[in-house]
Amino acid sequence: MPLVKNGQIAADDFVAVADDAELPAAGPVLISATRLLADPERLVARNSPLGVVWPNNRDVAELKPWLDRLALIALVFPTYKDGRAHSQARRLREVYGYRGELRATGQVLRDQFTFLVRNGFDALDVKKEADAHAFREATHRYTEFYQPTGDGHRSALQLRRQRHLTSAS
Amino acid sequence: MYAYDEIDRAIVHERVDEFRDQVRRRLNGELTEDEFKPLRLMNGVYLQLHAYMFRVAIPYGTLSSEQLRKLAHVARTYDRGYGHFTTRQNIQFNWIALADLPDALAELAEVGIHAMQTSGNCTRNVTADQWAGVAPGEIEDPRVWAEILRQHTALHPEFSFLPRKFKFAITASDHDRAAIKIHDIGLKLVRNDAGETGFEVLVGGGLGRSPFIGRTIKSFVKGHDILSYIEAILRVYNQYGRRDNIYKARIKILVHELGIEKFAAEVEQAWSEIADGPLTLDDEMIEDIRSRFIYPAYEKLPAEPDELRAAAGDARFEAWRGNSVAPHRQDGYAIVTLSLKPAGGPPGDATAEQMDAVADLADKYSFGEIRVGHEQNLVLPHVAKRDLPALWAALDKLGLATPNVGLVSDIIACPGLDYCSLANARSIPIAQELSRRFANPETAALIGRLHINISGCINACGHHHVGHIGILGVEKNGEEFYQITIGGRADEGAELGVLIGPAVPYGEVADVIEDIVEAYLSLRQRPDELFVDAVKRLGVEPFKERVYATR
Amino acid sequence: MTSPLQQKIKITGPSVVTANRTTDGVVIYRTATNGWSTDLADAAIVREAEPARALLAAATADDVGAVGAYIAPVEIGADGAVAPGNLREKIRRDGVTIALPVRA
Ligand code: HEM
Ligand code: SF4
């Protein structure tokens, strides 16, 4: 399962550590939400990048106190038809201002790439090799968007507002 | 009519390219059916019994003559020469090949028509009062807002994989012709004491296995805030709507399980996170959309033209005028409904030739504009009264002047077992038989307003719960049976019908409906006491007795 | 959705495996020679759960060619002719029971 980060196929630096396993002394680790919340202060104080896998049925507001100390939040799509993590991503990015890596995991397929990127994911744990290679094509299909999201595109309404103002003046 | 700008055109064409690529990957095996199914559904492609079905959106029911001609062209070129207008302002083609779909879509895109989100667990076509913009007494044209919503919900990155389908309907009239109370979100355009335009927002309506009438979640949301407020509702639903059971996944169940107060509080919380953000509309944005709606240049015309007076001697014309012509906000003009319910015909079907002919008539008599209503009829929204006799003569020739609008033979029916893979029983032949039994216009006029709705299974695509008489197909030991409810209604006084007794077999349905209608005729207090009002006053008992006494 | 193969297979009489063709949705029947036919007469007939499962498994494996394979009942006439076993299947084979607005 190739990882696509900021548009490039990249190595995954994070090591997933099971709840009952010892954390390595150093190096980026990815732990469960349960483990994080059991002892958050100590864990975020660790000297290496920390990532958490956040389940899609748990309120991301619980993460608010630790957001600036987390290097990675991995959200989960058990199947791509379960879209809960799309809302979690937008809240993390646009409402709570999370700036670290936001990774989509699970059934991550090509036909969702545009949506994922628009919602603030910058890393995709892609299911199929061919989809990973099609990242650029899949995310450049659309040149215009109706909705404003945190992805920096100007929405149709914003563009038209501009147009309306320039044509009026 | 809304005229696309370059942004709308780009999105629609890019969507066609994307779908073409998806179909290609399906046909060469890169996508499994499991992976492809939600993608095709999100572009309106179902698999029915005999073939793929293709559902095309007619947002808020407004079509230009050019668009209708293109629909006729698609029917003729890619299908079997006809289309089916649905209760949600869509048109369906029943025989299209998957491999041809991208080309059909590309042709439709040329005239600003798409099939985005006409199915699937996403936000669906935004529907509106088919008389929007022409009905007297509206606060303003709700289609401007419907278009804002259409755009906002098209390819929404966050809400394309909701727990279940999600439908909006909008009206600006006190008399609700858009059935907003049976939609996931119903919007009624209102003005507050300060004179600001806004919406009463209803949530949680829906039919199907567990029918619910929508509840008001907020009695006034400013127009400027409507997108952020709706975003908040959808965000709560996307996160908390049930995904463990497809029959409990609609927002109506979430609202019901939480209670409207608790649900409203969740929405307020979610709204507080995004209100005043980039979704807040300003006047320039709304104006930009409004300015792309083209309104006819009406003439100053007499309210009672000579042509009308001259035609008044023709009883057939008068019967049609009395039935199918409604008052317009502009003096000298009228709203004309074209019945797609000829006696013995499948409700809502129109042939390519009829569509072309209606497009020509729209050009000649209705400023090139056509509407589609949820009763599965067409409307010419701006007809000069002086043209009514000529228009009638033309419609009569086309078989589109049956004077039964709103009457017992103006039946709403889903495709049922003739087409639909989910059906228990047939709907269309029942509708055909009923329309033959009540084919006499005088009898129909005597009976008065009476809506019959037929669904072939509990999914309720024919809105049987809210029919004055509802007919639901069920299966009993491999035979087609039908449950009959009475007293439902879909308008501002929306109510669910009540079952009158055990299901009856296919061959007896029409007799039972005749019995119910005869019972009503003998029980009504005055000729103008409507069927639904009589049921309300009397309850179901007297009807039940009449039907089952001899069975 | 649970795949049809995970569901319990219960057949009460002669049955066939049917599906819709991927390219155009046309009704097809699984044949005894591991192919598909648009003619019910060509369909492989199964009478017990195990062969039915095997036929369905082979049909489902052809994900590119066919959509939504399932087991459907048929009736075998005295002359050996195969007919659809219920109204739904009859409509799938013979078409809608109403007159189409235009000729097919
Ligand atoms: C192949 C054809 C069709 C299929 C497979 C189909 C499927 C469904 C399903 C599964 C539902 C229930 C969804 C739910 O409650 O979650 C539904 C609802 C609905 N369908 Fe269809 N449908 C078809 C055709 C139509 C047609 C032709 C119409 C209009 C005449 C229509 C209008 C509706 C409406 C208005 C509802 C909403 C009822 C509600 O609020 O629950 N459908 N459909
Ligand atoms: S109500 Fe049932 S039978 Fe009718 S179209 Fe909907 S799903 Fe099919």
Side-chain angles (χ1 to χ4, degrees), chain A residues 56-61 77-91 94-96 107 109-112 114-121 127-128 130-131 134 137-138 140-151 154-165 167-168, chain B residues 5-11 14-15 17-18 21-22 25 30-31 34-39 42 120-122 148 150-163 227 231 234-241 243 269-270 273-274 277-279 281-289 291-292:
Chain A
N56 72 356
N57 58 0
R58 192 158 185 163
D59 190 347
V60 288
F77 294 88
T79 90
Y80 79 84
K81 293 168 256 186
D82 183 340
R84 281 178 273 194
H86 288 298
S87 287
Q88 291 180 315
R90 287 194 71 196
R91 289 177 68 206
E94 297 169 39
V95 181
Y96 306 139
Q107 196 185 25
L109 301 175
R110 175 191 317 199
D111 296 284
Q112 283 73 57
T114 302
F115 293 151
L116 291 164
V117 170
R118 298 214 68 214
N119 292 335
F121 288 99
K127 198 97 197 156
K128 300 183 189 176
D131 286 357
E137 183 198 340
H140 286 74
R141 209 169 258 303
Y142 288 95
T143 53
E144 304 282 0
F145 301 96
Y146 284 127
Q147 309 78 10
T149 71
D151 71 350
R154 296 219 294 166
S155 74
L157 283 173
Q158 287 158 341
L159 290 169
R160 289 175 176 145
R161 175 176 193 282
Q162 200 59 43
R163 178 176 67 193
H164 197 84
L165 288 174
S167 71
Chain B
D5 68 2
E6 67 281 9
I7 297 175
D8 304 304
R9 273 194 294 273
I11 290 174
E14 286 160 1
R15 179 72 182 104
D17 292 343
E18 180 180 38
D21 181 54
Q22 291 169 343
R25 283 184 284 135
E30 283 176 59
L31 283 172
D34 255 9
E35 291 165 348
F36 179 64
K37 188 176 171 188
L39 303 178
M42 277 204 285
N121 295 331
C122 47
I148 290 172
R150 180 194 75 81
Q151 296 184 9
H152 183 66
T153 54
L155 301 177
H156 197 295
E158 184 179 347
F159 304 131
S160 290
F161 300 95
L162 294 169
L227 290 186
E231 192 97 331
L234 279 160
R235 189 166 280 178
V236 169
Y237 173 55
N238 190 37
Q239 292 176 99
Y240 301 110
R243 292 176 189 261
Q269 165 60 32
E273 293 185 345
I274 53 172
L279 283 178
L281 295 166
D282 58 29
D283 291 339
E284 287 78 22
M285 293 171 175
I286 299 167
E287 264 326 299
D288 185 82
I289 301 281
S291 69
R292 304 199 63 80

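Just so it is clear: chains get the letters A, B, ... in the order the sequence lines come, proteins before strands, and each one is counted from 1.
- A distance of 4.5 Å separates CG of Leu155(B) from OH of Tyr142(A), quoted to the nearest 0.5 Å.
- Both the backbone and the side chain of Glu30(B) have a heavy atom closer than 4.5 Å to some heavy atom of chain A.
- A 4.5 Å side-chain heavy-atom check between Glu273(B) and Tyr96(A) finds at least one atom pair inside the cut-off.
- Not a single donor-acceptor pair under 3.5 Å links the side chain of Asn121(B) to the backbone N or O of Lys81(A).
- A salt bridge links Asp82(A) with Arg243(B); the closest basic N to acidic carboxylate O contact falls under 4.0 Å.
- The side-chain heavy atoms of His152(B) and Tyr146(A), taken from C-beta on, include no pair separated by under 4.5 Å.
- Of all the listed residues (Ser291(B), Pro163(B), Ser160(B), Ala270(B)), the one sharing the greatest number of non-hydrogen pairs under 4.5 Å with chain A is Ser160(B).
- Interface remark: Ile274(B) contributes side-chain atoms only to the contact with chain A (heavy atom separation under 4.5 Å).
- When all heavy atoms of Arg84(A) and Asn238(B) are compared, the pair lying nearest together is CG-O, 3.1 Å.
- Counting heavy atoms from C-beta outward, His86(A) and Pro157(B) have side chains that stay 4.5 Å or more apart.
- Put simply, the side chain of Asp111(A) never gets that close to the backbone of Leu39(B): no donor and acceptor are under 3.5 Å apart.
- Rounding to the nearest 0.5 Å places OG of Ser155(A) at 6.0 Å from CE of Met285(B).
- Looking at Leu279(B) and Leu157(A), their side chains never come closer than 4.5 Å, going by heavy atoms from C-beta outward.
- Annotation: the span from Arg110(A) atom CZ to Glu18(B) atom CD amounts to 11.0 Å, rounded to 0.5 Å.
- Arg150(B) touches chain A through its side chain: at least one heavy atom from C-beta onward sits under 4.5 Å away, while N, CA, C and O do not.
- Heavy atoms of Leu116(A) lying under 4.5 Å from chain B are absent altogether.
- When each of Glu287(B), Arg15(B), Arg25(B), Glu231(B) is scored by its heavy-atom pairs under 4.5 Å with chain A, the top score falls to Arg25(B).
- With sequence neighbours excluded, the residues that form a salt bridge (Lys or Arg N to Asp or Glu O under 4.0 Å) with Arg160(A) are Asp5(B), Asp8(B), Asp288(B).
- Here the CG-CG distance, from Asp131(A) to Leu31(B), works out to 8.0 Å after rounding to the nearest 0.5 Å.
- Side-chain contact of Arg91(A) with Gln239(B): a donor-acceptor pair under 3.5 Å is present, judged by distance alone.
- Heavy atoms closer than 4.5 Å to chain B are found in the side chain of Gln112(A), but not in its backbone.
- Looking at Thr149(A), the atoms closer than 4.5 Å to chain B (heavy atoms on both sides) all sit in the side chain, from C-beta outward.
- For the options His156(B), Gln22(B), Glu6(B), heavy-atom pairs under 4.5 Å to chain A are most numerous at His156(B).
- Between Gln147(A) and Thr153(B), the closest heavy-atom pair is NE2-C, 4.3 Å.
- Using a 30° and 60° split on the angle between ring planes, Tyr80(A) and Phe161(B) fall in the perpendicular class, above 60°.
- Separation of atoms OH (Tyr240(B)) and OG (Ser87(A)) is listed at 9.5 Å; rounding is to 0.5 Å.
- Heavy atoms closer than 4.5 Å to chain A are found nowhere in Ile286(B), neither backbone nor side chain.
- Annotation: side chain of His164(A) is not in contact with side chain of Asp283(B) (no heavy-atom distance under 4.5 Å).
- The existence of a salt bridge linking Glu158(B) and Arg90(A) is confirmed by a sub-4.0 Å separation between a basic side-chain nitrogen and an acidic carboxylate oxygen.
- From Glu144(A), atom CD reaches atom CD1 of Ile11(B) across 6.0 Å, with rounding to the nearest 0.5 Å.
- A pairwise comparison of heavy atoms in Ala10(B) and Thr143(A) identifies CB-OG1, 4.2 Å as the closest pair.
- Contact of Glu35(B) with chain A is made through backbone and side chain together, with heavy-atom distances under 4.5 Å.
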